[in-house]
Amino acid sequence: MKILITSGGTREKIDPVRYIGNYSSGKMGAALADAFAAHGAEVKVISGPAEVHYRVPMQRVESAREMLSVVEESLPVDIFISAAAVADKRPKYYSADKMKKESFENIELVNNPDILRTIAISAKRPKFVVGFAAESENHLENARKKLTKKSCDLIVLNDIKALGSDENEVWLVSKTSEKKLEKAPKKEIAEEIVKFIMGQYRG
Ligand code: C5P
């Protein structure tokens, strides 16, 4: 069984020394990769900058657009897990020279591609597609909406407090069930998520 996982954050360049980024550590993606590998699956991680060390084959990328193109090159797979914290926007223009602080007040942004949705509605859609939702309010309601909007089979919902932390507390939201996994180390949460996905995948 082939599993593809995006992990870490993306960096969107402004100029040679500045970027837009986020606090994603890659810990949840790495824990999921280990848990799938322990089940005998062939796992590949595509990671943006992250502090974590991956124990499975990993391809490093930087921007959202780069991540999307490497994901597309890595298909087909059986299960796609989108655990990366992808920057929603990127600067419209990249400045090849370092911008002088006196020369800009605002940075114009454009939307990045939604990697998860692109893959979930593509002709090469893996059989099982999993997205994450990091919410700070209306958690379950937003997760249910995300499940439909992104054409996923499962949304793993967590609070933004999980970012960078060693622990997590999640809801597994699918079309047919909603299940809470109580607060535990990310390694244990990942093992439970993988068990759940394997159960659903095998039907
Ligand atoms: O829309 P939102 O960012 O809350 O959705 C989170 C989910 O969508 C995560 O699974 C994340 O990996 C994925 N995502 C993506 N590409 C984006 C934004 C989010 O794959 N540009």
Side-chain angles (χ1 to χ4, degrees), residues 3-13 19-33 36 43-50 52 54 58-75 77 79-92 109-122 124-126 128-164 168 170-175 181 186 189-190 193-194 196-197 200:
I3 318 283
L4 183 64
I5 303 175
T6 64
S7 182
T10 65
R11 280 184 189 173
E12 311 297 331
K13 282 183 172 171
Y19 61 84
I20 295 174
N22 59 64
Y23 290 115
S24 174
S25 62
K27 285 176 189 165
M28 201 62 227
L32 285 165
F36 273 114
V43 188
K44 177 179 175 181
V45 169
I46 299 167
S47 180
V52 82
Y54 298 102
M58 186 268 295
Q59 194 165 342
R60 183 72 76 188
V61 294
E62 194 170 306
S63 68
R65 284 184 296 174
E66 206 187 327
M67 184 174 271
L68 174 60
S69 86
V70 176
V71 167
E72 284 172 334
E73 281 164 20
S74 306
L75 298 176
V77 297
I79 300 178
F80 175 56
I81 316 276
S82 184
V86 183
D88 297 307
K89 313 255 176 185
R90 68 174 182 275
K92 185 168 183 182
L109 302 176
V110 291
N111 287 330
N112 261 335
D114 188 319
I115 301 168
L116 172 59
R117 185 163 189 276
T118 305
I119 298 307
I121 64 172
S122 76
K124 286 190 179 171
R125 185 192 200 276
F128 203 85
V129 174
V130 182
F132 273 70
E135 304 287 347
S136 51
E137 56 188 7
N138 300 328
H139 298 64
L140 272 169
E141 197 189 320
N142 285 333
R144 288 181 202 121
K145 278 190 196 144
K146 210 155 280 186
L147 188 69
T148 313
K149 197 174 150 209
K150 306 224 183 196
S151 275
C152 294
D153 299 293
L154 178 70
I155 288 283
V156 179
L157 164 68
N158 48 201
D159 194 276
I160 50 166
K161 288 198 288 281
L163 224 71
N168 207 350
V170 308
W171 279 88
L172 302 180
V173 180
S174 76
K175 278 177 207 124
L181 303 181
K186 282 184 174 171
I189 293 285
I193 295 173
V194 168
F196 185 89
I197 293 171
Q200 298 263 310

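Predicted, not measured: the structure shown is a model, and the values here were computed from it. One-based numbering, in listed order, for ligands and for the atoms of each.
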Between T6 (side chain) and A84 (backbone), is there a donor-acceptor pair under 3.5 Å? yes
Using every non-hydrogen atom in the two residues, find where S151 and I121 come nearest and quote the distance to one decimal. OG-CG2, 3.6 Å
Atom 21 (N) of ligand 1 [closest protein heavy-atom partner, distance rounded to 0.1 Å]: P113 O, 2.9 Å
Determine yes or no for a side-chain-to-main-chain donor-acceptor pair under 3.5 angstrom, with N22 supplying the side chain and A85 the backbone. yes
Checking side-chain contact (heavy atoms from CB on, under 4.5 Å) against V130, which of L116, I5, L154, I3 comes through? L154
Could you identify the single nearest non-hydrogen protein atom to atom 8 (O) of ligand 1 and state the distance to 0.1 Å? K150 NZ, 3.1 Å
Please report which non-hydrogen protein atom sits nearest to atom 7 (C) of ligand 1, along with the residue it belongs to and the distance in Å to one decimal place. F132 O, 3.0 Å
Expected output: side-chain R11 to main-chain G48 donor-acceptor under 3.5 Å: no
Below 4.0 angstrom from a heavy atom of G131, which ligand 1 atoms are there? Numbered from 1 as shown, please. 10 (O)
Which is it for R117 and ligand 1 at heavy atoms under 4.0 Å: side chain, backbone, both or neither? neither
Could you tell me the residue and atom name of the protein heavy atom closest to atom 13 (C) of ligand 1, and the distance to it rounded to 0.1 Å? S82 OG, 3.6 Å
Among V130, D88, V129, the residue with a heavy atom nearest to atom 3 (O) of ligand 1 is D88
At what distance is the nearest protein heavy atom to atom 4 (O) of ligand 1, and which residue and atom is it? K146 NZ, 2.5 Å
Could you see which bit of A84 sits under 4.0 Å from ligand 1, with heavy atoms only: side chain, backbone, both or neither? backbone
Quick one: look up the protein heavy atom nearest atom 16 (N) of ligand 1 and list residue, atom name and how far away it is. I115 N, 3.0 Å
Whether R125 and D153 form a salt bridge (side-chain N of Lys/Arg under 4.0 Å from carboxylate O of Asp/Glu) is what I want to check. yes
With distance as the sole test, does N112 use its side chain to make a donor-acceptor pair with the main-chain N or O of R65 at under 3.5 Å? no
Short side-chain to backbone donor-acceptor contact, E66 and E62, under 3.5 Å: yes
Provide, to 0.1 Å, the distance between atom 20 (O) of ligand 1 and the closest protein heavy atom, together with that atom's residue and name. L116 N, 2.8 Å
